[in-house]
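The structure appears right after this line, and notes come after that.
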2 protein chains.
Amino acid sequence: MAAQSVGRRERVRQATLAEIRAAARRLLIEQGSQAVTINAVAREMGMSGPALYHYFAGHDELVGAVTADFFRELTAAVEAGRDSHPPGEHGPRLLGACRAMRRWAVTHRAEFGWVFASPITAERRPDSPRELAGRDFEQVFLEEVAELWRSRPFPVPAPGELHPSIRSQLRAYADATGMGLPVEAIHVVMSCWIRLYGLLCMEVLNQLDFVYPDMEAVFEECLREIAPRLGLDYEGPSDL
Amino acid sequence: MAAQSVGRRERVRQATLAEIRAAARRLLIEQGSQAVTINAVAREMGMSGPALYHYFAGHDELVGAVTADFFRELTAAVEAGRDSHPPGEHGPRLLGACRAMRRWAVTHRAEFGWVFASPITAERRPDSPRELAGRDFEQVFLEEVAELWRSRPFPVPAPGELHPSIRSQLRAYADATGMGLPVEAIHVVMSCWIRLYGLLCMEVLNQLDFVYPDMEAVFEECLREIAPRLGLDYEGPSDL
DNA sequence: TAAGAATACTTAGAGGCATTAAGCAAACAT
DNA sequence: ATGTTTGCTTAATGCCTCTAAGTATTCTTA
């Protein structure tokens with residue numbers, strides 16, 4: 001009897017959900033995160049106020065859903081950047097993923113800032129869409145790095161060189177995630193990640209524009225410094 | 001007739017201003033930045049609502065004043081850390097300043113996050129207390145680095161190695177601030193600053209606690225990597 | 001196909017926040 | 001002693017979140 005597996009009702013509901021998130025995003029882009037309120041979103045789409053509570057339990061959940069959207073979009077962009085190089089070439093694939101991440105960040109400043117520079121809002125449950133999408137995002141990089149390690153291990157510090165505190169924390173993390181890399185390798189990866197990600201956070205938080213209004217070259221320099229630590233050959237961006 | 005130069009009235013006013021900022025800070029620490037509202041602050045000190053508008057033009061100005069307080073306190077802490085080493089020893093003084101900055105950040109997480117991870121609120125006028133105090137803070141590091149450079153120049157990249165975009169932006173910055181350092185030296189300083197500051201931002205934004213619940217050692221490692229780039233000898237923290 | 005149930009939405013309302021306006025009382029200046 | 005300035009109050013507007021109650025539409029099913 002059902003021409004489609006989900007039923008018309010559910011389809012309409014999903015469409016409305018998508019429309020709500022789109023309206024919220026529009027408000028974010030055009031008027032800033034402060035403007036993304038339940039009332040404003042409802043108004044934006046011709047509904048009035050409390051109707052949205054049929055779709056989201058409250059403001060926080062709406063925010064979380066929108067954030068998850070952004071994470072998924074960013075993940076897709078990063079995967080596309082990665083896949084612009086053939087499967088075996090882990091070096092170019094990683095650099096492509098990093099560049100895609102920044103490109104998405106600078107072409108979607110409001111969204112990136114919303115995701116990463118948010119005041120770490122309410123206690124986040126590990127099974128919320130936001131956290132799920134966040135882990136998927138991390139996964140893209142972690143997987144590629146793990147494959148890189150397996151195909152061509154990069155140089156790591158000697159076991160004794162690692163500070164005991166860092167070692168034990170990495171040990172706990174490796175055990176918890178079941179990642180196959182030795183702690184020394186994770187350490188190298190994390191220090192690269194911290195530099196890259198920290199730079200991006202500062203760019204989006206406008207903490208550096210007093211000296212660098214345009215950070216493209218600074219980012220490339222960061223990549224050039226990071227690449228050899230992962231045993232990669234740095235290559236300039238393909239669009240140069 | 002005035003026994004004191006400022007007059008009793010003005011003194012009382014200043015005391016009330018200080019009390020307001022203190023109440024705002026208490027709310028921030030105990031209930032988060034969201035709780036710092038005009039009404040809540042007024043209630044906190046037994047006044048009712050609109051009274052605060054005799055002291056601050058609005059919510060934004062109150063926020064700015066509190067931020068300036070934090071900047072000043074952080075600046076004093078950094079200066080103290082710097083001055084725990086004699087005036088001529090620029091290396092230890094710089095490391096001391098960096099460590100003091102992190103110590104203040106981790107012992108005042110709410111305040112540091114408020115200052116540095118804020119959504120870069122309203123358009124900031126360059127003469128606001130917040131911006132003034134912010135520049136004073138930067139100045140502490142810049143001055144010490146400039147003295148270091150003059151007393152013992154650190155290695156810099158050859159002029160041709162600098163990306164033209166980076167070079168021209170640094171040129172503009174150097175000209176605007178009238179700092180006496182060559183652009184290559186500023187470049188080294190900035191890349192060190194970005195790493196240090198980016199790490200701190202990520203720590204306070206809780207972006208790294210999924211792997212590093214305790215980042216003390218990670219920070220020291222960052223210092224150890226940065227020190228040689230400024231021609232400094234890294235020395236472990238004094239409290240070890 | 002005619003109830004009955006679920007769904008989508010509405011308005012009303014409580015309580016909080018930012019901010020302006022109007023007013024009162026104490027402190028100050030002359 | 002008087003008039004002004006200052007510190008505060010309450011009232012009121014308009015926005016926000018969120019709950020409650022009610023209506024209409026759609027789906028289900030007997």
Side-chain angles (χ1 to χ4, degrees), chain A residues 1-24 26-28 30-67 118-119 121-123, chain B residues 1-24 26-28 30-67 118-119 121-123:
Chain A
M1 180 149 309
Q4 50 286 323
S5 57
V6 290
R8 181 187 123 79
R9 200 133 196 184
E10 187 59 19
R11 253 184 307 124
V12 170
R13 185 181 176 80
Q14 292 305 324
T16 306
L17 275 165
E19 194 188 338
I20 293 173
R21 299 198 300 259
R26 205 178 322 132
L27 283 168
L28 167 68
E30 289 169 3
Q31 303 177 48
S33 61
Q34 190 112 52
V36 183
T37 80
I38 294 269
N39 280 341
V41 171
R43 206 180 308 128
E44 184 80 359
M45 43 191 296
M47 294 196 341
S48 231
L52 288 209
Y53 286 84
H54 281 258
Y55 298 92
F56 296 99
H59 186 257
D60 285 356
E61 198 176 295
L62 170 61
V63 166
V66 172
T67 306
S118 71
T121 162
E123 23 69 46
Chain B
M1 183 138 288
Q4 50 284 325
S5 56
V6 290
R8 182 188 124 78
R9 202 128 195 188
E10 188 59 20
R11 251 183 309 122
V12 169
R13 184 180 177 81
Q14 292 304 324
T16 307
L17 275 164
E19 193 188 339
I20 293 172
R21 298 197 300 257
R26 205 180 321 129
L27 282 169
L28 167 68
E30 289 169 3
Q31 304 177 48
S33 61
Q34 192 113 54
V36 183
T37 78
I38 294 269
N39 281 337
V41 170
R43 205 182 308 128
E44 184 80 359
M45 45 190 297
M47 292 190 353
S48 230
L52 288 209
Y53 285 83
H54 280 262
Y55 298 92
F56 296 99
H59 186 258
D60 285 355
E61 197 176 298
L62 170 60
V63 166
V66 172
T67 306
S118 72
T121 161
E123 24 67 45

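Chain letters run A, B, ... following the sequence lines, proteins first and then strands; every chain starts at 1.
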When you compare the side chain of Phe56(B) with that of Val63(B), does any pair of heavy atoms fall below 4.5 Å?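 No, every pair of side-chain atoms sits at 4.5 Å or beyond.
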Is the closest side-chain heavy-atom distance between Val36(B) and Val66(B) below 4.5 Å?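 When only atoms from C-beta onward are counted, Val66(B) and Val36(B) do not touch, as no gap falls below 4.5 Å.
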Please tabulate, one pair per line, each protein N/O and nucleotide N/O from nucleotides 26-29 of chain D that are separated by under 3.5 Å, including the distance.
unit_1: dC27(D); atom_1: OP1; unit_2: Arg8(A); atom_2: NE; d: 3.2
unit_1: dC27(D); atom_1: O4'; unit_2: Arg9(A); atom_2: NH1; d: 3.0

Please list each protein N or O that sits under 3.5 Å from an N or O in nucleotides 10-15 of chain C, with the distance.
unit_1: dT10(C); atom_1: OP2; unit_2: Ser48(A); atom_2: N; d: 3.2
unit_1: dT10(C); atom_1: OP2; unit_2: Ser48(A); atom_2: O; d: 3.4

Value in whole Å for how far the [atom2] atom of [N] lies from [atom1] of [X]:
{"X": "Gln31(A)", "N": "dC16(D)", "atom1": "CD", "atom2": "P", "value": "10 Å"}
{"X": "Leu17(B)", "N": "dG7(D)", "atom1": "CG", "atom2": "C1'", "value": "12 Å"}
{"X": "Gln34(A)", "N": "dC17(C)", "atom1": "CD", "atom2": "C1'", "value": "11 Å"}
{"X": "His59(A)", "N": "dT19(D)", "atom1": "NE2", "atom2": "P", "value": "14 Å"}
{"X": "Leu27(A)", "N": "dC16(D)", "atom1": "CG", "atom2": "P", "value": "10 Å"}
{"X": "Tyr53(B)", "N": "dA11(D)", "atom1": "OH", "atom2": "P", "value": "18 Å"}
{"X": "Arg13(B)", "N": "dC28(C)", "atom1": "CZ", "atom2": "P", "value": "14 Å"}
{"X": "Ile20(B)", "N": "dC8(D)", "atom1": "CD1", "atom2": "P", "value": "8 Å"}

Could you give the distance from CD (Glu19(B)) to OH (Tyr55(B)), rounded to the nearest 0.5 Å?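 Going from CD on Glu19(B) over to OH on Tyr55(B), the span is 9.0 Å.
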Quick one: CD on Glu61(A) to CG on Leu52(A), what's the gap to the nearest 0.5 Å?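 Nearest 0.5 Å value for the CD-CG distance: 11.5 Å.
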So how far off straight is the helix from dT1(C)-dA30(D) to dT30(C)-dA1(D), going by the axes through five pairs at either end, to 10°?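 Both end axes considered, the difference amounts to 0°.
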With a cut-off of less than 4.0 Å, is there a side-chain N or O of Tyr55(B) near OP1 or OP2 of dC8(D)?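 Looking at the OP1 and OP2 atoms of dC8(D), one of them is under 4.0 Å from a side-chain N or O of Tyr55(B).
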So which atom in Gly49(B) and which in Ala42(B) form the shortest heavy-atom distance, rounded to 0.1 Å?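 Scanning both residues completely, I find the closest heavy atoms to be N-CB, 3.6 Å.
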Looking at every heavy atom in both Val41(B) and Ala23(B), which two are closest together, and how far apart are they?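 Shortest heavy-atom contact: CG1-CB, 4.2 Å.
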Can you pull the salt bridge (charged side-chain N to carboxylate O under 4.0 Å, His left out) pairs that have at least one residue in residues 50-59 of chain B, sequence neighbours excluded?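 The answer is none; no pair qualifies.
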For residues 35-55 of chain B, pull every pair meeting salt bridge (charged side-chain N to carboxylate O under 4.0 Å, His left out), keeping only residues two or more places apart or in separate chains.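 For residues 35-55 of chain B: Arg26(B)-Glu44(B).
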Going by side-chain contact (heavy atoms from CB on, under 4.5 Å), name the residues that satisfy it together with [X], two or more places apart in sequence or in a different chain.
{"X": "Thr37(A)", "value": "Asn39(A), Ala40(A)"}
{"X": "Gln34(B)", "value": "none"}
{"X": "Ala51(B)", "value": "Met47(B)"}
{"X": "Gln31(B)", "value": "Leu27(B), Ala35(B)"}

Can you list everything that forms a side-chain hydrogen bond (donor to acceptor under 3.5 Å, both in side chains) with Gln14(B)? Sequence neighbours excluded, please.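 Per chain and number, Gln14(B) pairs via side-chain hydrogen bond (donor to acceptor under 3.5 Å, both in side chains) with Glu10(B).
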Below 4.0 angstrom, which residues in residues 36-43 of chain B have at least one non-hydrogen atom near DNA chain C?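 Thr37(B), Ile38(B), Asn39(B), Arg43(B), in order of number.
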